[in-house]
Amino acid sequence: MVKAAKRAGDYRLTRELRKARAELPSGDPSDPDYRRLRYVRYADDVLLGFAGTKAEAEEIKRELIQFSRERLNLEMSAEKTYITHAATGKARFLGYDIRVAKRDSRKCKGRRSINYLPVLEVPGVVITQWTRKYTQAGKPIHRPEILQDSDYDIVMAYQLELQGVVNYYTMAHNVSKWYKVRSLAMQSLVKTLARKHKTKATRIYRKYKTKTREGITAIQVQIPREGKKPLIATFGGKPIHYNRKAIITDLPWKMRNKRTELAKRLQADKCELCGSTQDINVHHIKTLKDLKKRYQGRRDPPTWVKIMAARRRKTLVVCRNCHHKIHSGKYDGERLRS
């Protein structure tokens, strides 16, 4: 009919017929005899894709819960174990939202090319969580837990944590949402450096702002070294691109290992209070709750207390002298930069 209308020169009818044809599926989506089940698992995250009726999906879910309880002695999470229609809802798997795409206007060789293809998305709640990490009441704020670090370490900390999560979500078609988070993170970074040096944010921008080869504005700190290339820490220098062929090596929330972090701090062989490199020890506390309770109400608690509370650490790498002062109650909170 479309070809006949086109040959007759009736272009209005041709457009209407093409529009009506685009609303019809190329196959039979309601075939009562068609069933398909796909299963994928990573650690304790499981996703099942089922083509069939909702009643059958409910039965599969009931049998899985029963099998897990009776045969494996495991209880499935009621909150995370749910059934959703892929065309109208989303399923959460490994931090991604998964849904089925549908767009009649996207065609390849006359056929709708993306309809019913799975699509990965960055969940809105993830963007919100990372936005709150760098803001308060909607405005970027500084981060007091890293004020005692060097400028190089501060910039590197911001870059590593944000680039890690952006790399993880690079297969999401809406990965560009991270540009807003990166902008807020950069403002938070500049405010942190400004608070550290007790200066204005504009002076930090003037000192550390740079342009990358791609023309992207970034914050860069360089540490010159005699006879060696300078150490360079850059935040925001990489573009954020969608890459459906990316290989994910780890989950962003499992990247940081407390033992690895402590090992790195010990390898630095430097007291985190006074900077001494002699007789390095590790100061331990039982719980942060006890620490806060002990110094609650004090206007100016010792620096070591502030650091452990701000960084939410139960360990602190210190020299023998500072360690003795802490245990004897004689540490008076001398400044890190003194």
Side-chain angles (χ1 to χ4, degrees), residues 133-134 140-167 178-179 181-241 255-257 260-282 303-304 306-307 310-311 313 315-322 333-338:
K133 185 181 181 71
Y134 302 115
I141 57 170
H142 72 283
R143 294 172 63 182
E145 71 271 17
I146 56 175
L147 285 177
Q148 308 298 343
D149 296 344
S150 67
D151 291 3
Y152 175 90
D153 289 336
I154 292 174
V155 174
M156 187 63 74
Y158 271 84
Q159 173 62 14
L160 289 177
E161 67 182 14
L162 188 61
Q163 193 61 47
V165 73
V166 169
N167 288 345
W178 288 106
Y179 275 112
V181 179
R182 190 173 72 179
S183 175
L184 295 172
M186 182 176 291
Q187 296 177 62
S188 171
L189 167 60
V190 171
K191 286 192 174 186
T192 301
L193 292 173
R195 178 62 66 93
K196 171 182 169 65
H197 295 289
K198 298 181 180 180
T199 186
K200 295 181 179 180
T202 52
R203 293 185 179 179
I204 298 297
Y205 276 117
R206 198 177 302 128
K207 182 178 180 181
Y208 291 136
K209 190 170 75 170
T210 185
K211 286 277 188 180
T212 63
R213 293 180 180 179
E214 295 86 355
I216 302 173
T217 300
I219 299 296
Q220 187 176 90
V221 173
Q222 296 191 27
I223 301 178
R225 296 187 296 174
E226 188 175 351
K228 296 182 180 180
K229 292 183 178 180
L231 291 175
I232 301 176
T234 307
F235 175 84
K238 294 183 178 181
I240 299 175
H241 288 320
M255 283 181 183
R256 294 181 177 241
N257 183 288
T260 303
E261 181 192 8
L262 178 58
K264 288 181 179 178
R265 288 156 58 203
L266 284 171
Q267 288 170 2
D269 202 27
K270 184 178 180 181
C271 176
E272 294 183 307
L273 291 174
C274 68
S276 172
T277 57
Q278 302 294 323
D279 299 322
I280 300 301
N281 299 272
V282 178
T303 304
W304 69 271
K306 293 179 181 178
I307 294 176
R311 295 184 180 179
R313 289 177 179 164
T315 59
L316 195 66
V317 178
V318 293
C319 65
R320 181 180 295 177
N321 185 34
C322 289
E334 55 193 324
R335 296 176 62 82
L336 300 186
R337 293 180 295 278
S338 60

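Inter-residue side-chain proximity for Val155 and Tyr208 is flagged as unmet; no heavy-atom pair is nearer than 4.5 Å. Counting only heavy atoms from C-beta outward, the side chains of Pro230 and Arg225 never approach each other to under 4.5 Å. Side-chain atoms of Ile219 and Tyr205, non-hydrogen and from C-beta on, do get closer than 4.5 Å to each other. For the pair Thr192/Tyr158, a side-chain contact is recorded, criterion being any heavy-atom separation below 4.5 Å from C-beta on.
Taking CZ from Arg195 and CD1 from Ile141, the interatomic distance works out to 10.0 Å, rounded to the nearest 0.5 Å. Atom NZ of residue Lys228 and atom CD1 of residue Ile223 lie 12.5 Å apart, to the nearest 0.5 angstrom. Atom CD of Gln222 sits about 7.5 Å away from atom OG1 of Thr234, to the nearest 0.5 Å. In this structure, the separation between CG on Leu193 and CZ on Phe235 is 11.0 Å, given to the nearest 0.5 Å. The CD1 atom of Ile154 lies 6.5 Å from the CG atom of Leu147; values are rounded to the nearest 0.5 Å. Atom CG of Asp151 and atom NZ of Lys207 lie 6.0 Å apart (nearest 0.5 Å).
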Checklist entry - Can Tyr152 and Ile232 be said to form a side-chain contact (heavy atoms from CB on, under 4.5 Å), step by step? => result CA-CA 8 Å; Tyr152 175 90; Ile232 301 176; 5.7 Å; no
Item to check | CA sep, side-chain torsions, deciding dist, call: Lys238, Gln163, side-chain contact (heavy atoms from CB on, under 4.5 Å) | outcome: CA-CA 9 Å; Lys238 294 183 178 181; Gln163 193 61 47; 4.0 Å; yes
Checklist entry - Hey, mind stepping through Cys319 and Asp279 against side-chain contact (heavy atoms from CB on, under 4.5 Å) and telling me if it holds? => result CA-CA 5 Å; Cys319 65; Asp279 299 322; 5.6 Å; no
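Remark: side-chain polar atoms of Lys191 are paired, donor with acceptor, to backbone N or O of Pro140 under 3.5 angstrom. Remark: side-chain polar atoms of Tyr179 are paired, donor with acceptor, to backbone N or O of Ile240 under 3.5 angstrom. Looking only at distances, no side-chain donor or acceptor of Asp153 sits under 3.5 Å from a matching main-chain atom of Asp149. Judged purely by atom type and a 3.5 angstrom limit, Gln220 has no side-chain atom pairing as donor or acceptor with the backbone of Ala233.
A donor-acceptor contact under 3.5 angstrom links the side chains of Thr212 and Glu214, judged on distance only.
Residues that satisfy the side chain to side chain donor-acceptor pair (under 3.5 Å) test with Thr217, not counting sequence neighbours, are Lys211. Partners of Arg143 by side chain to side chain donor-acceptor pair (under 3.5 Å), not counting sequence neighbours, listed by chain and number: Glu145, Glu161. In this structure, Arg203 has no side chain to side chain donor-acceptor pair (under 3.5 Å) partners at least two apart in sequence or on a different chain.
Residue Lys209 places its NZ atom among 12 or fewer non-hydrogen atoms of other residues, nucleotides or ligands, all under 6.0 Å distant.
Between Gly237 and Ile216, the shortest heavy-atom distance links the atoms O-CD1, 3.8 Å.
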